[in-house]
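Notes to accompany the following structure.
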Amino acid sequence: MPSSAPPRTRSSDLVRAARREPVSRTPVWFMRQAGRSLPEYRAIREGTTMLEACTRPDLVAEITLQPVRRHGVDAAIFFSDIVVPLKAVGLDLDIVAGVGPVVAEPIRTRADLDRLPELTSEHVPYITDAVRLLVAELGDTPLIGFAGAPFTLASYLVEGGPSKNHVRTKALMHGDPDLWHALCDRLAQISGAFLHAQAEAGASVVQLFDSWVGALPRADYARYVLPHSTKALAAVADLDVPRIHFGVGTGELLSLMGSAGAEVVGVDYRVSLTDATERIGPDHAVQGNLDPALLFAPWEVLRDIVVEIVDEGRRAPGHIFNLGHGVLPDVDPDVLTRVTELVHEVSTR
Ligand SMILES: Cc1c2[nH]c(c1CCC(=O)O)Cc1[nH]c(c(CCC(=O)O)c1C)Cc1[nH]c(c(CCC(=O)O)c1C)Cc1[nH]c(c(C)c1CCC(=O)O)C2
């Protein structure tokens, strides 16, 4: 199997945990560890829009490294956004601070699909450049590449922006299944190619974010989502990189998500790791699942909860410690450092 990931990260605890191999201690990283919780991030981002920052390899590399230096986490997550590949293929969209991705003209008809060509690595030279810079800097620490999953991307494209109820998305899915599948097939190509570009340039692990898929019942997930997420994950099957698949509110979907092809299933904080492991089965590692809101709780309380999650994780086939969703912007970053140290301390084998 051809491997593009740097061989020196092969024996890292993160990669080993993802492969359900023994680790020296539980690896930990935090979704959204780079970003507004860090004063050094707010300083470096001043005067640059989010999407502009994503196209500058020097900025991307520096922002990606900031939380690794500060917290001593076991992985870097590439600084970018799930909508960057959509912008790269020419779609008119922006990331509005405090709101999220906003699409100028939503995609709702077959003709609209023409505005969404397939992605090749030529669309994203700044991504592969940034990955190469990072891999050189990171040494033994793995870099996690990522993409948005077809459902979550489709939701932004069909709604035109963030949505609470995904009304237009669900109406399209059920009202015009052919168009839905055509849209998601295209998005699976784009996400898969985006993951492939990052892994080929040196990312050691990839994560497919299906953040909003918890809005669906199992039957709809199986029919309208699973084949497309499977295609996106299969796009990196030729590279030696473990895959993580995560969504929010996915308690009812966990077993199906496990069948999409990833080695690791991300678990949000609504389901215990013990229950999640039972649902997903012995062939997958799990990632999670501290409630990001609990980072605001008194340390004595937080401490016990972190220890409990580490203990549950030790009984799972493999465990990567993380939050159950992203870091909230106003969290005290010192708490993240303390959690990292605690996970390492109590899990050392
Ligand atoms: C749904 C989703 C998006 N983007 C992403 C997801 C999936 C993860 C999740 O469920 O949280 C993925 C993402 N977005 C960002 C990262 C960077 C790496 C990291 O996790 O540290 C990652 C992995 C940077 C970002 N992406 C965004 C920011 C904030 C913009 C800024 O700092 O100016 C960052 C650091 C913008 C963004 N982009 C999106 C949202 C909801 C927002 C926040 C809007 C806001 O509250 O301002 C879409």
Side-chain angles (χ1 to χ4, degrees), residues 28-56 59-71 73 75-87 93-103 127 130-131 134 143-157 159-164 166 169 187 191 194-195 198 203 205-215 229 232 244-250 266-269 287-289 292 322-331 333 336:
V28 47
W29 68 281
F30 303 105
M31 291 184 277
R32 294 284 179 99
Q33 65 190 18
R36 285 171 296 180
S37 67
L38 302 184
E40 59 270 36
Y41 170 79
R42 296 194 294 268
I44 200 172
R45 272 288 318 282
E46 217 159 291
T48 314
T49 67
M50 175 68 191
L51 283 174
E52 205 183 318
C54 293
T55 61
R56 287 189 37 194
L59 272 183
V60 169
E62 174 56 25
I63 293 171
T64 301
L65 291 169
Q66 285 176 345
V68 181
R69 285 190 205 113
R70 183 191 262 265
H71 303 308
V73 281
I77 171 93
F78 188 70
F79 181 79
S80 190
D81 195 84
I82 57 170
V83 296
V84 164
L86 305 177
K87 178 86 179 170
L93 63 84
D94 200 3
I95 295 181
V96 179
V99 176
V102 175
V103 181
I127 297 289
V131 169
L134 275 163
L143 175 68
I144 303 172
F146 74 92
F151 174 83
T152 291
L153 292 177
S155 166
Y156 283 111
L157 295 185
E159 306 289 340
S163 165
K164 196 161 156 15
H166 310 280
T169 310
L187 291 171
S191 287
F194 193 59
L195 292 178
Q198 294 169 76
V205 174
V206 295
Q207 175 155 327
L208 188 69
F209 281 95
D210 210 350
S211 301
W212 313 137
V213 80
S229 297
I244 307 170
H245 192 22
F246 166 79
V248 180
T250 52
V267 181
D268 91 348
Y269 52 87
Q287 174 174 279
N289 72 342
N322 205 315
L323 303 179
H325 197 189
V327 171
L328 297 163
D330 47 352
V331 80
L336 292 171

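In each ligand, atom 1 is the first atom listed, and ligand 1 is the first ligand listed.
- Near I95, with a cut-off below 4.0 Å to any heavy atom, the atoms of ligand 1 are 36 (C).
- When only non-hydrogen protein atoms are considered, atom 33 (O) of ligand 1 lies nearest to R45 NH1, 2.8 Å.
- Ranking the protein heavy atoms by distance from atom 21 (O) of ligand 1 puts A34 N, 2.9 Å first.
- No donor-acceptor pair closer than 3.5 Å links the side chain of N289 to the backbone N or O of G324.
- Smallest separation of non-hydrogen atoms from L153 and I82: CD2-O, 3.4 Å.
- The protein heavy-atom contact nearest to atom 26 (N) of ligand 1 is D81 OD1, 2.7 Å.
- Close to ligand 1: P101, with a non-hydrogen atom less than 4.0 angstrom away.
- Aromatic rings of F194 and F78 (six-membered ring for Trp) have centroids beyond the 6.0 Å cut-off, not under it.
- Rounded to the nearest 0.5 angstrom, K87 NZ and D94 CG are separated by 6.5 Å.
- Among protein heavy atoms, the minimum distance from atom 6 (C) of ligand 1 is reached at R32 NH2, 3.7 Å.
- Considering only non-hydrogen protein atoms, atom 47 (O) of ligand 1 sits nearest to G98 N, 2.7 Å.
- Ring geometry for H166 versus F151: interplanar angle of 30 to 60°, hence tilted.
- Those atoms of ligand 1 with a heavy atom of S211 less than 4.0 angstrom away are 1 (C), 7 (C), 8 (C), 9 (C), 10 (O).
- Within the structure, ligand 1 has H325 among the residues with a heavy atom less than 4.0 angstrom away.
- Atoms of ligand 1 lying under 4.0 Å from at least one heavy atom of F79, given by number and element, are 35 (C).
- Short contacts between ligand 1 and Y156, defined as distances under 4.0 Å to a heavy atom of the residue, involve ligand atoms 1 (C), 41 (C), 48 (C).
- The main-chain N or O of T169 is found under 3.5 Å from a side-chain atom of E159 such that the two form a donor-acceptor pair.
- Looking at ligand 1, you won't find any N or O of W212 less than 3.5 Å from one of its N or O atoms.
- Of all protein heavy atoms, the one lying nearest to atom 2 (C) of ligand 1 is I82 CD1, 3.5 Å.
- Geometrically, ligand 1 and R36 share a nitrogen or oxygen pair separated by less than 3.5 Å.
- Atoms of ligand 1 lying under 4.0 Å from at least one heavy atom of A97, given by number and element, are 47 (O).
- Using modelled atom types, one side-chain atom of Q66 and one backbone atom of E40 make a donor-acceptor pair closer than 3.5 Å.
- The pair R69-E62 meets the salt-bridge criterion, since a charged nitrogen lies less than 4.0 angstrom from a carboxylate oxygen.
- In this structure, Y41 counts as a contact residue of ligand 1, since one of its heavy atoms falls inside 4.0 Å of the ligand.
- Counting only heavy atoms of the protein, atom 25 (C) of ligand 1 lies nearest to M50 CE, 3.3 Å.
- The aromatic rings of H325 and F246 are tilted relative to each other, their planes meeting at an angle between 30° and 60°.
- Set against the non-hydrogen atoms of F209, the atoms of ligand 1 under 4.0 Å away are 7 (C), 8 (C), 23 (C).
- The nearest pair of heavy atoms linking P39 to P333 is CD-CG, 4.3 Å.
- Looking only at heavy atoms of the protein, atom 18 (C) of ligand 1 is closest to F78 O, 3.6 Å.
- At least one heavy atom of S80 lies less than 4.0 angstrom from ligand 1.
- In this structure a side-chain-to-backbone donor-acceptor pair under 3.5 Å is present from S191 to G148.
- Once rounded to the nearest 0.5 Å, the distance linking CG of L93 with CG of L86 reads 6.5 Å.
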